[in-house]
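To start, the structure itself, in structure tokens.
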Amino acid sequence: MSFNKSRGAGIGGGGGDELVLRGSVSKKWTFLLCLGSFCIGLLFTNRMWTMPEPKEIIRRSTLEVEKMNLVAGDCAPKSIGDAKDVPGEVPRTQDVIQTLDKTISNLEMELASAKATQKSMLSVAPASESTGKRKYFMVIGINTAFSSRKRRDSVRATWMPQGEKRRKMEEEKGIIIRFIIGHSATSGGILDRAIDAEDRKHGDFMRLDHVEGYLELAAKTKAYFVAAVSMWDAEYYIKVDDDVHVNIATLGNTLARHRSKPRVYVGCMKSGPVLAQKGVRYHEPEYWKFGEWGNKYFRHATGQLYAISKDLASYIALNQHVLHKYANEDVSLGAWFIGLDVEHVDDRRLCCGTPPDCEWKAQAGNVCVASFDWSCSGICKSADRIKEVHQRCGESENAIWNAKF
């Protein structure tokens, strides 16, 4: 029994030590495993936390760069490859610009026409002029000056109808006649007041927004056509000097023959020398524009009397601010039409001489439209002599009333 007890005790004692050893080994390995797992877990966790940050930054930076490129794309300088396309774009750009210019010009023409119609309708004028859309045959503007009172009176006493006859001519024949004059350098002075008094008596003036002066005749002529177009819708606009004799009915019949032509410039066409020498009459300061010394002007109507159709008068009104003025007004007018599709009508009956020239022609049945002396650029001493010219070269008193334009 004791033997068994001792074996049992031995056996029991050895097994207990073995169990203790195994428990201690397990604790060490457990601790090491835990520590290793913790370190591995810590390392793995750090990688999971730190890696997304650069990716997020890179992704965000990429998006921001793309946005900046979209915004600044139009402003960025073109690359060399893009620059190669520039020459090809130039012709297309020029075509677009030319098309826009044409469109703008057409709109300006329509606008000018509309403005002219509106002014003619709303213009505050005497009863004979405030006629709305009434169509007239021709407007005759007689160029005059402050010092030409005697000339005006001589015209009134000869070829220009007065009072009721003038109003009847406007209503029945559609013919407007006015003396055209601007104002003095001191507006409202004694010269202007004298014209105002004369106008109250006769009612036959057309006042221009223009300062009078011999060297400003081109500007005055332009101002006349601009004002006339805005006041009266006529087929023809005529300018004549106050020292020229005119047969109104013959003038009307002459112009009526050209009604089918849209742009007509009628007068005695000439081509005088370009005078480059200073101090001489009709000196041309811009002589160099006409070529070599001794050259002549282009063809243009002499300044004593000329007529232009409505289209040309409207063209002057529309382009008044860019039309160049030369020293002589007749040259200036001719220059304005050089580049246009205009028919120049050279009619020598618009520049007959004084008797006996115009008288012989009248007796032969070829009544002159206008008569004057070339040597004086008008009738010499016209205030005294125009009555004689009228008696010997004038048309009959009833000619205007029998005329059918």
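Just so we're clear, the structure is a prediction, and the values are computed from it rather than from any experiment.
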Please say whether more than 12 non-hydrogen atoms of neighbouring residues, nucleotides or ligands are located less than 6.0 Å from [atom1] in [X].
{"X": "N398", "atom1": "CG", "result": "yes"}
{"X": "K165", "atom1": "NZ", "result": "no"}
{"X": "I190", "atom1": "CD1", "result": "no"}
{"X": "K387", "atom1": "NZ", "result": "no"}
{"X": "W360", "atom1": "CH2", "result": "no"}
{"X": "W401", "atom1": "CH2", "result": "yes"}

Residue pair [X] / [Y], side-chain heavy-atom distance below 4.5 Å:
{"X": "H183", "Y": "V211", "answer": "yes"}
{"X": "V246", "Y": "L305", "answer": "yes"}
{"X": "W336", "Y": "H300", "answer": "no"}
{"X": "I386", "Y": "D243", "answer": "no"}
{"X": "I308", "Y": "F337", "answer": "yes"}
{"X": "R299", "Y": "D346", "answer": "no"}
{"X": "C351", "Y": "W374", "answer": "yes"}
{"X": "I140", "Y": "I175", "answer": "yes"}

Indicate yes or no for a side-chain donor-acceptor contact from [X] to the backbone of [Y] under 3.5 Å, with no hydrogens or angles considered.
{"X": "D242", "Y": "S154", "answer": "no"}
{"X": "R385", "Y": "C380", "answer": "yes"}
{"X": "D192", "Y": "S184", "answer": "yes"}
{"X": "S332", "Y": "Y326", "answer": "yes"}
{"X": "W159", "Y": "V244", "answer": "yes"}
{"X": "R166", "Y": "G203", "answer": "yes"}
{"X": "D311", "Y": "R263", "answer": "no"}
{"X": "W232", "Y": "K135", "answer": "no"}
{"X": "R151", "Y": "D241", "answer": "no"}
{"X": "E395", "Y": "A249", "answer": "yes"}

- Item | Flag for T254-R349: side-chain donor and acceptor within less than 3.5 Å |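 A pair is found: one side chain offers a donor N or O, the other an acceptor, under 3.5 Å apart.
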
Notebook entry, point to check: Can a donor-acceptor pair be found between the side chains of H324 and E286 at a distance below 3.5 Å?
Noted result: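 There is such a pair (donor and acceptor under 3.5 Å, judged by atom type) between the side chains of H324 and E286.
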
* Asked: Step by step, would you call L251 with M138 a side chain to side chain contact (heavy atoms under 4.5 Å, CB included)?
  -> CA-CA 10 Å; L251 173 61; M138 61 182 178; 4.2 Å; yes

To the closest 0.5 Å, what do you measure between [atom1] ([X]) and [atom2] ([Y])?
{"X": "K381", "Y": "I379", "atom1": "NZ", "atom2": "CD1", "answer": "14.0 Å"}
{"X": "I180", "Y": "D204", "atom1": "CD1", "atom2": "CG", "answer": "12.5 Å"}
{"X": "T221", "Y": "N143", "atom1": "OG1", "atom2": "CG", "answer": "6.5 Å"}
{"X": "Y224", "Y": "L217", "atom1": "OH", "atom2": "CG", "answer": "14.5 Å"}
{"X": "Q304", "Y": "D330", "atom1": "CD", "atom2": "CG", "answer": "8.0 Å"}

- Does K150 have any side-chain contact (heavy atoms from CB on, under 4.5 Å) partners at least two apart in sequence or in another chain, and if so, which?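 Here the qualifying residues are A383.
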
Please identify each residue that fulfils side-chain contact (heavy atoms from CB on, under 4.5 Å) with I195, with sequence neighbours left out.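 By the side-chain contact (heavy atoms from CB on, under 4.5 Å) rule, I195 matches F146, R152, I181, E198, F205, R207.
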
Do [X] and [Y] sit within salt-bridge range, that is, some charged N less than 4.0 Å from a carboxylate O?
{"X": "K168", "Y": "E171", "value": "no"}
{"X": "R200", "Y": "D196", "value": "no"}
{"X": "D153", "Y": "R156", "value": "yes"}

Minimum heavy-atom distance between [X] and [Y], given as atom pair plus value:
{"X": "V139", "Y": "A228", "answer": "CG1-CB, 4.5 Å"}
{"X": "M160", "Y": "Q162", "answer": "O-NE2, 3.4 Å"}
{"X": "V389", "Y": "S371", "answer": "CG1-CB, 4.2 Å"}
{"X": "F405", "Y": "I400", "answer": "CZ-CD1, 4.0 Å"}
{"X": "A234", "Y": "K310", "answer": "O-CB, 3.3 Å"}
{"X": "L208", "Y": "A227", "answer": "CD2-CB, 4.0 Å"}

Take K361 and E359 through the test side chain to side chain contact (heavy atoms under 4.5 Å, CB included) and record every step on the way to the result. CA-CA 5 Å; K361 292 176 180 177; E359 185 176 20; over 6 Å; no

Open item on the list: Please evaluate residues I238 and Y306 with respect to the criterion side chain to side chain contact (heavy atoms under 4.5 Å, CB included), reporting the C-alpha separation (whole Å), side-chain torsions for both, the decisive distance (0.1 Å), and the verdict.
Closed with: CA-CA 6 Å; I238 297 95; Y306 47 74; over 6 Å; no

Please collect all ring-ring contact (aromatic ring centres under 6.0 Å, His included) contacts where either partner lies in residues 375-394, sequence neighbours excluded, each pair once.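 Checked against ring-ring contact (aromatic ring centres under 6.0 Å, His included) - neighbours excluded - the pairs reaching residues 375-394 are H245-H390.
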
* Asked: Applying the salt bridge (Lys or Arg N to Asp or Glu O under 4.0 Å) test to E329, which of K220, K222, K239 qualifies?
  ->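 It is K239; the other options fail the test.
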
* Which residues satisfy the ring-ring contact (aromatic ring centres under 6.0 Å, His included) test with H202, sequence neighbours excluded? ->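 H202 satisfies ring-ring contact (aromatic ring centres under 6.0 Å, His included) with no residue once adjacent residues are dropped.
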
(Q) List the residues meeting ring-ring contact (aromatic ring centres under 6.0 Å, His included) with F225, not counting sequence neighbours, and say none if there are none. (A)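 F225 satisfies ring-ring contact (aromatic ring centres under 6.0 Å, His included) with no residue once adjacent residues are dropped.
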
Report yes or no: is the SG-SG distance between C352 and C368 under 2.5 Å?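 Their SG atoms fall under 2.5 Å; a disulfide, then.
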
Can you list, pair by pair, the side-chain donor-acceptor contacts under 3.5 Å of residues 271-283, counting residues two or more places apart and other chains?
{"unit_1": "S271", "atom_1": "OG", "unit_2": "Y297", "atom_2": "O", "d": "2.3"}
{"unit_1": "Y282", "atom_1": "OH", "unit_2": "S377", "atom_2": "OG", "d": "3.1"}
{"unit_1": "H283", "atom_1": "ND1", "unit_2": "L275", "atom_2": "O", "d": "3.2"}
{"unit_1": "H283", "atom_1": "ND1", "unit_2": "A276", "atom_2": "O", "d": "3.4"}
{"unit_1": "H283", "atom_1": "ND1", "unit_2": "Q277", "atom_2": "O", "d": "3.1"}

Report the relative orientation of the aromatic rings in Y265 and H344; use parallel for angles under 30°, tilted for 30 to 60°, perpendicular for over 60°.
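Because their plane-to-plane angle is over 60°, the rings of Y265 and H344 count as perpendicular.
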
Checklist entry - side chain to side chain contact (heavy atoms under 4.5 Å, CB included) between M169 and I177: does it pass, once the steps are laid out? => result CA-CA 9 Å; M169 182 176 63; I177 305 180; 3.4 Å; yes

task: Tell me, with the steps shown, if E170 and R134 meet salt bridge (Lys or Arg N to Asp or Glu O under 4.0 Å).
output: CA-CA 11 Å; E170 294 177 359; R134 159 102 191 243; over 6 Å; no

